[in-house]
Amino acid sequence: MGLARYVLRRLLLLVPVVIGATLLIFLMLHLAPGDPARLILGQRRASEETIRNIRQIFHLNEPLWKQYLLWLWDALHGDLGRSFTFRRPVTEMIVERYPITLQLALSGWLISMAVGIPAGIVSAVKQYTKVDYVTTIVALSGVSMPVFWQGIMLILLFSYFLGWFPSSGFAVDGTVFDRLHHLTLPAIALGTSITALTVRLTRSAMLDVLNQDYIRTARSKGVSEREIITGHALQNAFLPILTVLGMQLGLLLAGSVLTETVFGIGGLGRLLIRAVHKFDYPTVQGLTLVIVTVMVFMNLLVDVLYTFINPKIRYD
Amino acid sequence: MAQQTQPVESADTDDESALGGVLSGRHRRILSSLARHRGGLVGAATLVAVVFVAVAAPVIAPYDPLEQFVGPALAGPSTAHLLGTDMYGRDVLSRIVFGARNTLLLALIAVGISSVLGTIIGAAAGFYGGWIDEALMRGMDVVFAFPSLILAIVMMATFGINMYNAAFAVAVVFTPQFARVIRSNALSLREEEFIKAARTSGGTRRYILFKHVIPNGISELIVQTTINLASAILIMSGLNFLGLGIQPPKPSWGYMLANGRSYLLQAPWISTFPGVAIMIVVLAANIFGDGLRDALDPRNTERVR
Amino acid sequence: MTVTDRERDRDREAAEDALVSVRGLEKYYESNQGLVDRLLGNVRRVKAVDGVSFDIPAGQTMGLVGESGCGKTTLGETLLKLHDATAGEIYYDGRPITDLSDGQFRPMREQMQMIFQDPHSNLDSRMVIGDIITEPMNVLDVGDRADREARAKELLDQVGLDRSYYDRYPHEFSGGQRQRVGIARALSVDPDFVVCDEPVSALDVSVQAQILELLDDLQDEYGLTYLFISHDLSVVRYICDRLAVMYLGKIVEIGESEDVFENPQHPYTRALLSAVPDPDPAVDRDRIFLEGAPPSPENPPEGCRFQTRCPEKIGPVCEEAPPEFYDIEDGHHSACYLHDEAVDESRSEADDE
Amino acid sequence: MHEMGEYDRRACLRAIGAAGAVGVTGIAGVSGNGGATNDAARATQDGSQLSYALQESIVAMDFALAYDFTTNKVTNNVWDTLVTYTYDDPPELTNWLASNVETEGDTSYVYELRDATFHNGEPVTAGDVKASFERIRNPDVASPLSWALENVQEGDDGIEVVDERTVRFNLAEQSAVWRYMPGFVGIGPASAMDEHGVDFGRNPGTTVGSGPFAVESWSQGNQIELVRHDDYWNDDLPMADGITFSIVPEGSSRVTGLSTGEHDVVGNLPPQQWQQVSNMGNARIDRGTTFLEYKLSMQNQREPWQSDKQLRQALAYATNWDQIIENVYFGTAVRQQGPLPQNMRWHNDELDLYGHDPERAQELYDQSGGIDRPIEFIATQGTQARVAVIVQEQWRDALGVEVNVNQMPYEQLLPRIENGEYDIQYDGWGSDYPDPDGQLYSQYNSEFWPPNNNESWYENGEVDDLLEQARTTTDEAEREELYKRIQEIVHDDVPAIWGVLVEQGFGVNESLSFPEVTPMWYWQDVGARVGPQ
């Protein structure tokens with residue numbers, strides 16, 4: 001099976017997964033107790049007519065299967081419906097907010113890479129020494145802290161006591177510096193939560209390479225340790241590092257939800273939480289569709305890159 | 001051409017017979033290498049200590065965790081209240097000690113359900129293959145396509161917010177991970193000759209599944225369980241933080257942490273210490289899981305720390 | 001009476017005589033059976049066993065040799081219904097068993113057992129030896145608990161192991177010992193027919209002989225019928241009454257063991273035999289080397305399967321249709337156009353020119 | 001507001017000039033501004049841009065969807081209403097965009113507009129007023145405020161454009177409360193509402209209003225930037241050049257922001273942090289008691305509540321509100337004196353209140369049928385749950401009554417309330433207008449059972465009749481008498497245990513003036529009246 005065929009196959013396999021995921025979310029939301037029309041209007045008094053109108057506007061009087069198919073059909077055309085709470089097209093809100101979450105996730109990921117890869121390499125090179133040990137423990141401590149708790153502690157220390165960074169918010173149309181300034185604490189909190197994975201995978205990938213015969217040969221020929229690490233080992237450790245990306249994506253997305261909540265960043269994560277709390281079905285459905293699609297496509301991309309870089313892997 | 005036969009006739013009995021014949025060779029090897037893995041031991045010891053604290057909570061805790069105003073409200077750490085008091089004047093230390101119970105219990109329930117579900121699904125998929133595999137694993141793919149916290153959030157909103165639903169949500173979210181591990185294990189076992197032998201003996205699929213396939217996946221299961229235990233505690237504390245938490249007045253660390261948040265500036269101890277407790281347990285479970293993983297990895301048997 | 005009628009009569013007769021009879025057995029595998037793969041046409045068919053027929057008379061040993069991947073293990077496993085046959089028929093003691101359901105076939109498992117190849121994977125490392133040996137009896141509900149234990153201990157004796165091993169775990173034993181446990185397990189339900197799938201190939205040469213001897217002794221004692229699968233001709237010669245040579249899912253030559261060894265007819269058999277080290281180094285034999293690896297069973301060559309590597313390939317005839325079996329002598333057949341007089345004549349004519 | 005802040009883009013750009021200096025200057029700015037003890041006067045420097053921290057994102061920049069404490073904080077600054085309230089306690093109704101209000105007969109109200117312009121330069125006309133009110137009534141808009149127009153005659157004649165500056169509302173029946181209703185409806189230009197239809201005010205860039213501030217930019221969930229409306233009819237307002245609203249969900253982060261000078265005004269402060277703010281040195285809490293009352297509502301259509309007044313009274317006496325005020329509200333609430341908030345007119349001062357009296361409680365409990373099962377208390381996480389936990393303990397101590405606190409999120413609480421599936425819950429209600437009708441009609445009228453707001457499922461035919469009478473007569477003296485009588489009956493029936501009136505507090509930078517926090521604060525343009533002292 002060629003690469004193109006492999007990609008096509010994987011893409012087709014994604015279809016039932018994505019549809020299944022949307023169906024799952026749809027059913028879960030619609031089986032929950034409570035009348036959406038009332039939830040839309042809140043607890044205050046509303047005339048019967050208003051409630052009828054709401055049902056009409058949001059297709060709530062259609063049978064469930066029809067609601068789902070209508071939604072799916074519209075979603076295929078890029079229309080994810082209108083938010084119950086904000087009464088705005090969900091697609092529009094997602095388009096508006098995704099850059100914020102993307103910037104947060106990306107900076108968190110970069111921090112994890114910037115810290116985790118060197119730490120992993122050092123850990124591997126100094127295998128079974130104190131350095132290795134301490135690195136592992138520190139990295140694991142990062143992943144063991146609830147990300148939101150870490151965020152709170154960072155705010156307490158760096159905003160409240162030291163005043164170095166803003167306590168919350170995101171400079172949407174600020175300068176690059178503004179944005180970095182706002183992003184620093186959230187990105188640290190988010191990055192720390194995934195760094196252990198980076199360290200672990202870099203370490204074991206490096207170890208695999210360092211134990212290869214040709215590295216031993218190079219060593220015995222007197223090639224310097226630095227050249228071995230940068231010249232041989234690092235290049236070969238690239239593949240496993242790529243896999244981390246795939247594994248970290250879900251963690252990054254989940255972490256973003258918590259980080260955005262702690263730091264008051266109006267990204268997709270906080271939109272989701274608010275939508276869940278307000279039972280804003282269209283928004284929850286739209287967001288989960290987007291999140292699931294991103295997840296499966298990123299995983300596919302990682303797999304394809306992986307096979308592309310490493311032709312030894314078979315396509316099945 | 002006929003290939004050259006490899007002489008493999010050699011007894012592979014392990015040197016260490018201290019553990020006796022109760023455990024198979026593989027498990028003995030794992031245990032003994034774990035015993036030499038210092039980090040794994042520290043992790044295990046910490047977990048045992050926490051379990052002890054949870055079990056002996058009534059003896060250890062200086063106060064009733066539910067009783068209000070055993071001390072002044074929002075009082076900082078002192079000799080009377082080592083970790084201070086919360087907004088109702090309840091003793092934070094006592095609540096943390098009792099909180100270990102709920103925290104561990106819920107995490108165990110979550111991981112227990114998911115490991116049982118995941119094992120059955122994964123073993124059935126891997127062992128039966130064909131359309132059963134296809135159907136089960138596509139279903140698992142659907143669940144797996146969600147970031148776990150996000151699916152748990154939506155589930156909590158749907159099924160109602162109480163601690164058992166939180167555990168159930170986490171269980172569902174973890175099931176695919178178990179199913180995948182067990183399935184790949186079952187797939188490789190399917191080709192093992194002792195499975196074929198059981199089939200020529202007339203063993204039904206179900207017999208083989210429960211008698212051979214699942215028991216032989218136990219070690220992988222244990223590692224996965226340990227690591228997921230850590231994640232379960234984190235996810236549940238995340239749910240608490242997002243307001244999808246546990247019912248009061250039963251203390252759990254996640255709830256204490258989330259609840260103390262509003263008092264952060266004047267009484268940071270209410271949130272800080274439960275956070276530290278979570279971190280210690282999760283860290284211990286992670287280190288222990290790492291140790292187990294190393295021990296299970298045949299490449300590592302010779303070079304354990 | 002047409003040829004086919006006559007053949008069918010002969011088949012039936014033979015099938016009645018033989019304990020195990022196989023007629024036109026086929027086993028195809030399909031990979032990637034998911035919906036998406038069907039849509040994409042990604043399904044691959046592997047013809048592991050492709051039209052195999054033979055008989056094994058009661059009390060005899062039938063050898064089945066061929067390179068690894070030629071389908072011999074699949075054939076053995078299909079006989080014991082570890083796989084469902086794609087086509088063809090298997091008779092056991094004259095009774096067709098191919099279409100039996102798992103449940104219907106279950107009682108027959110008492111009569112048909114198997115000994116496996118890999119001493120490291122043939123025993124469940126989580127069970128004690130006693131449980132392993134009694135497993136078939138437990139599953140098939142033979143005797144009561146005490147009977148089973150007594151039977152297992154007796155078998156331990158018979159396969160040359162100590163009775164005290166009953167409560168011990170497999171990892172405490174050597175490969176040869178484990179193989180003996182596997183034999184004891186197969187014999188626990190007192191079968192008549194045993195498929196031995198390379199039972200000694202993973203063992204030291206010295207241990208191989210002991211195990212073969214054990215198998216031989218047990219055959220005498222219990223009147224067993226063996227299908228003995230091996231890639232090692234020297235092993236097979238020692239133990240087999242009849243021999244079938246398999247190449248890419250098809251039997252290319254079959255006959256009395258001695259006939260095949262002394263008078264190999266198929267070019268593939270000759271090549272295999274030439275590779276066997278002769279016990280008498282004084283005899284100088286020309287070794288025949290086969291070029292290349294066997295083609296993939298997914299995509300076997302047209303005509304004779306062996307034509308791509310055959311040192312005696314005749315010409316286009318070999319590529320057109322698979323050759324029939326040609327009788328060499330009584331009970332000795334070979335599937336090669338070399339034996340077709342018409343082809344042979346035309347070839348010698350061509351040579352003469 | 002900031003002399004040079006990372007939060008004020010324009011000021012920052014002005015200050016640094018060259019792009020190359022971004023890093024250095026920025027960092028200098030941070031260390032200069034940061035820290036809990038920085039100079040509090042910073043916010044007053046040029047009186048320009050206020051920074052205002054909200055708890056959550058606003059629903060929409062649409063007056064038709066603005067019906068919550070957060071959204072109105074913003075929209076009240078963007079849209080003016082025909083009438084509004086004075087910044088007094090108690091607040092009085094006063095003309096605003098309308099320069100004069102007349103009644104014609106029993107059911108017609110005529111409003112004359114003052115000379116005002118919209119943000120787009122168009123004049124405010126009677127046609128715009130009609131379009132704005134019709135927007136509230138438009139079923140496609142599905143406004144949560146539509147109830148305010150229930151009494152306006154249906155069809156095109158309900159709201160009449162008399163001339164360019166005059167609009168007449170024709171009511172279906174005489175009403176004592178109609179006069180308050182125009183206080184909720186913002187006036188926007190008909191042209192913009194026609195152009196954007198349903199999406200008016202829901203997407204950034206579709207908003208035009210008549211208020212003291214115009215929308216400069218709006219990034220939903222993050223930031224809203226308002227700028228002064230230069231053509232605003234009232235020369236005194238607004239006091240600042242602009243407001244930047246940011247959304248800061250964490251209470252402690254809002255306090256932190258106030259202390260570092262990141263924010264000038266902070267709303268929705270958790271009560272436990274008021275003290276904190278007062279101690280910071282650079283900020284203060286401006287507070288006021290509201291109409292927002294909280295009570296323990298018993299489900300009166302359920303047994304034993306329905307038929308056992310003594311039981312309800314016993315529980316009322318067993319409840320110690322002082323403890324709740326101290327430990328849940330940290331002193332930021334006052335005990336409510338009976339069914340009507342005492343800061344509302346016609347409060348009946350002669351009622352014998354249910355104070356904390358365990359002995360009296362026990363006595364009544366012994367006379368009652370008692371309760372032989374645990375009481376189910378449904379509550380959301382946070383304040384409700386905290387109250388529930390304290391009440392649980394108080395009732396157990398006083399009467400040995402067991403309470404199960406069943407905590408759930410709001411969206412699960414809602415269906416439980418609608419179906420009456422609870423024994424007791426802690427609910428809040430604040431009148432939208434300074435009149436007993438706003439407080440009593442919706443809470444004790446048996447036609448207003450959930451999903452409306454009679455959450456104690458109270459039913460008393462006499463009270464129903466009296467409430468209707470008091471609403472439809474305009475004779476003030478008669479109304480006063482009616483409401484005092486209603487309070488008496490309801491108080492005796494004790495369908496709910498009245499608890500507290502909460503205070504509203506804003507954290508405000510010490511250097512700024514802030515308007516009086518009145519019970520009507522959520523319908524007032526609070527932002528426009530914040531400025532240098």
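Only heavy atoms go into these numbers, but all of them, side chains included; no hydrogens, no water, no symmetry mates. These figures come from a predicted structure and were not determined experimentally. We name chains A, B, ... by the order of the sequence lines, and we start the count at 1 in each one.
- Neither the backbone nor the side chain of A230(B) comes within contact range of chain A, judged by heavy atoms closer than 4.5 Å.
- Among all heavy-atom pairs drawn from V296(A) and A145(B), the shortest one is CG1-CB, 3.9 Å.
- Contact record, G20(A) with V142(B): C-CG1, 3.6 Å, taken as the closest heavy-atom pair.
- Looking at I278(B) and W149(A), their side chains never come closer than 4.5 Å, going by heavy atoms from C-beta outward.
- Proximity to chain B is limited to the side chain of L156(A), based on heavy atoms less than 4.5 angstrom apart.
- Applying the side-chain hydrogen bond (donor to acceptor under 3.5 Å, both in side chains) test to every pair with at least one member in residues 141-151 of chain B, sequence neighbours left out, gives these pairs: R138(B)-D141(B), D141(B)-R180(B).
- With a threshold of 4.5 angstrom between heavy atoms, L257(B) approaches chain A through side-chain atoms but not through N, CA, C or O.
- Contact count versus chain A (heavy atoms, under 4.5 Å) is highest, among A285(B), G254(B), G238(B), A284(B), for G238(B).
- The shortest heavy-atom contact between P147(B) and I291(A) is CD-CG2, 3.6 Å.
- At a 4.5 Å heavy-atom cutoff, V18(A) makes no contact with chain B through either its backbone or its side chain.
- Contact annotation for V262(A): both backbone and side-chain heavy atoms come within less than 4.5 Å of a heavy atom of chain B.
- Going from atom CE of M155(B) over to atom CG of L29(A) covers 12.0 Å, rounded to the nearest 0.5 Å.
- The 12-atom threshold is not exceeded at CZ of F168(B), counting heavy atoms of other residues, nucleotides or ligands nearer than 6.0 Å.
- Here the CG-CZ distance, from N286(B) to R200(A), works out to 6.5 Å after rounding to the nearest 0.5 Å.
- For chain B, the nearby parts of I137(A) are the backbone and the side chain; heavy atoms of each come within less than 4.5 Å.
- Distance OG1/T288(A) to CD1/I150(B): 9.0 Å, rounded to 0.5 Å.
- Between atom OG of residue S144(A) and atom CG of residue L234(B) there is a gap of 7.0 Å, rounded to the nearest 0.5 Å.
- Nearest heavy-atom pair, T272(B) versus M153(A), reported as atom, atom and distance to 0.1 Å: OG1-CE, 3.4 Å.
- A salt bridge (Lys or Arg N to Asp or Glu O under 4.0 Å) check over residues 290-299 of chain A, counting only residues at least two apart or in different chains, returns nothing.
- Shortest non-hydrogen contact noted between M279(B) and S141(A) is CE-CB, 4.0 Å.
- Counted within 6.0 Å of OH on Y68(A), heavy atoms from surrounding residues, nucleotides or ligands total more than 12; the atom is thus considered enclosed.
- Of the atoms belonging to V281(B), not a single heavy atom falls under 4.5 Å from chain A.
- How far CD1 of I235(B) is from CG of L258(A): 9.5 Å, rounded to the nearest 0.5 Å.
- Both the backbone and the side chain of V292(A) come within less than 4.5 Å of a heavy atom in chain B.
- Taking every heavy atom of both residues into account, M28(A) and L151(B) meet most closely at CE-CD1, 4.4 Å.
- With rounding to the nearest 0.5 angstrom, the CZ atom of F146(B) is 5.0 Å from the CG atom of L24(A).
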